[in-house]
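Each remark here refers to the structure printed beneath this line.
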Amino acid sequence: MSKLQPVRGTHDILAEDMRLHRHVGDTFATLAERHGFQEMAPPVFEFTEVFRRTLGETSDVVTKEMYTFDDRGGDSITLRPEFTAGVARAFMSGGLAQLAPLKLFTSGPVFRHERPQKGRLRQFHQIDVEVLGVPGVQADIEVIALAADLLEELGVGSDVRLEINTLGDPESRDAYRRTLTDYLRDFAEKLSEDSQTRLEKNPLRIFDSKDAGDQAIMADAPLLQDHLNDASRAFFDAVLAGLDNLNIAYEVRPRLVRGLDYYSHTAFEFTTGRLGAQGTVLAGGRYDGLMEQMGGKPTPGIGWAAGVERLAMMIGRPPPPARPIFLVPLGDAAQDPAMAVAQGLRRAGHAVDMGYSGNLKRRLARADRANAKAVLILGSDELARGVATFRDMESGTQTDVPLDGIVDSLNPYL
Ligand code: ATP
Ligand code: MG
């Protein structure tokens, strides 16, 4: 393969796609701040241990998908496959614990060695929120409300549905795990190889299997819902009541589990029928056991992450950019004055682009392609008279505007 090709599963994000990505990121940042979240940025890579210990030895991400390598110092390094583990590591190593409760948001590229297909890349982008140190359901309700608001604001609210479940507390889950393992023993031979491993280590994860045979077996499996202790039941009911209170629609999906090992209580996904097999756009849940599992002080947490590429596919087009004023300097003598006018207009907050060269007709065609709202022509005739020709691209009307004080005199037209 030519070394000048991008690596399979990676892409250059260009032009309109890039603006769409930025639109998602900007909308996310605006809403997250409105909901009281603070931005942070963990490193793109961490010691491999950070992910191995937190995501769980049986997760697909750890067993098959991580970009792991030894660096020149001999340390095992992994490119982040998700954000939660790094944020939790920062919480413990970076002295953030004193600031708890903390509401954080972050975004950027993440890396997973998966089979590339539509909506499934090896470098993709996530937006992510994490609430650390809030044990109560307010945090669950608030992060889901932020997700719902964001999807609404991005114009895809009616194309997604919220699916929600509870994984219970450790006591409920331990009791249930025995029931589930008993049920699955009879099918052990029929399970996929991956799920046979999960059966020993974390049988709940088999619900998340993408293997059709596994799914058929799980269709009749006993459900955690029927094994919740009172506290777990009450917690889940309070989350659902909180969503009702905000008129956020949801479907309880008793077979929904999350792919990573550190979740407890609330698990949820926003899914769509519009993206084929890759229907999950945003997913998250509560991870009260994570900090302890990483060797820190027990600290409750809840968060979600959404795939920017999947959101972008649903949105389709970014909002159009500001229509520029297009400057057309004709001849050498016009270059400097044109540049000065451009700078003045930009400082006054207007989008300005330049038609550097070519004949007038070609430059006007370029202005059209740039969706310019107006063109300012500076030729030798204009310069001699101390004016520029202002051409409104909508109406086609032309006016002389004195170069002296041109920014102020153009304001009423722009
Ligand atoms: P899936 O079941 O599709 O593999 P996941 O459970 O692995 O998803 P998460 O770890 O929850 O996904 O990541 C959160 C979000 O990131 C997903 O809902 C999805 O929008 C996005 N995402 C996950 N993997 C990819 C990928 N390989 N390419 C593009 N987006 C992805
Ligand atoms: Mg996955």
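Position 1 is the first residue of the sequence; numbering continues from there. Remember, it's 1-based here, ligands and their atoms both numbered in the order they're listed. Quantities reported herein were computed from a predicted structural model and do not represent experimental measurements.
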- Message: I need the Arg391 CZ to Gln398 CD distance, nearest 0.5 Å.
- Response: 5.0 Å
- Item | With sequence neighbours excluded, residues passing salt bridge (Lys or Arg N to Asp or Glu O under 4.0 Å) with Glu65 | none
- Within-cut-off N or O pair, Lys210 and ligand 1, under 3.5 Å: yes
- Please could you name the atoms of ligand 1 that Leu121 approaches to less than 4.0 Å, counting only its heavy atoms? 26 (C), 27 (N), 28 (N), 29 (C)
- Query: N/O to N/O below 3.5 Å, does that happen between Phe124 and ligand 1?
  - Reply: no
- Classify the side-chain pair His35/Asp149 by whether it contains a donor and acceptor separated by less than 3.5 Å. yes
- Can you say whether the rings of Phe270 and Phe268 are parallel (under 30°), tilted (30 to 60°) or perpendicular (over 60°)? perpendicular
- Item | Partner residues of Asp244 under the side-chain hydrogen bond (donor to acceptor under 3.5 Å, both in side chains) criterion, sequence neighbours left out | Tyr250
- Element-labelled atoms of ligand 1 that are located less than 4.0 Å from some non-hydrogen atom of Ala305: 14 (C), 15 (C)
- Is it the case that Thr181 and Arg178 place a side-chain donor and acceptor less than 3.5 Å from each other? no
- Task: With atom 3 (O) of ligand 1 as the reference point, say which of Arg120, Arg115, Glu309, Gln278 has the nearest heavy atom.
- Result: Arg120
- Item | Atoms in ligand 1 with a heavy atom of Arg112 nearer than 4.0 Å | 5 (P), 7 (O), 9 (P), 10 (O), 12 (O), 13 (O), 23 (C), 24 (N)
- Message: Using a 4.0 Å cutoff against the non-hydrogen atoms of Ala283, which atoms of ligand 1 qualify?
- Response: 11 (O)
- Heavy-atom proximity to atom 19 (C) of ligand 1 ranks first, among Arg122, Gln117, Arg310, for Arg310
- Query: Val341 and side chain to side chain contact (heavy atoms under 4.5 Å, CB included): which partner among Asp336, Val407, Leu376, Leu410?
  - Reply: Leu376
- Query: Mind checking whether Glu114 has a heavy atom under 4.0 Å from ligand 1?
  - Reply: yes
- Message: Check the orientation of His227 and Tyr176. Use parallel for under 30°, tilted for 30 to 60°, and perpendicular for over 60°.
- Response: tilted
- Message: If the cut-off is 4.0 Å to any non-hydrogen atom of Val281, which atoms of ligand 1 fall inside it?
- Response: 18 (O), 20 (O)
- Is the closest heavy-atom distance from Glu82 to ligand 1 below 4.0 Å? no
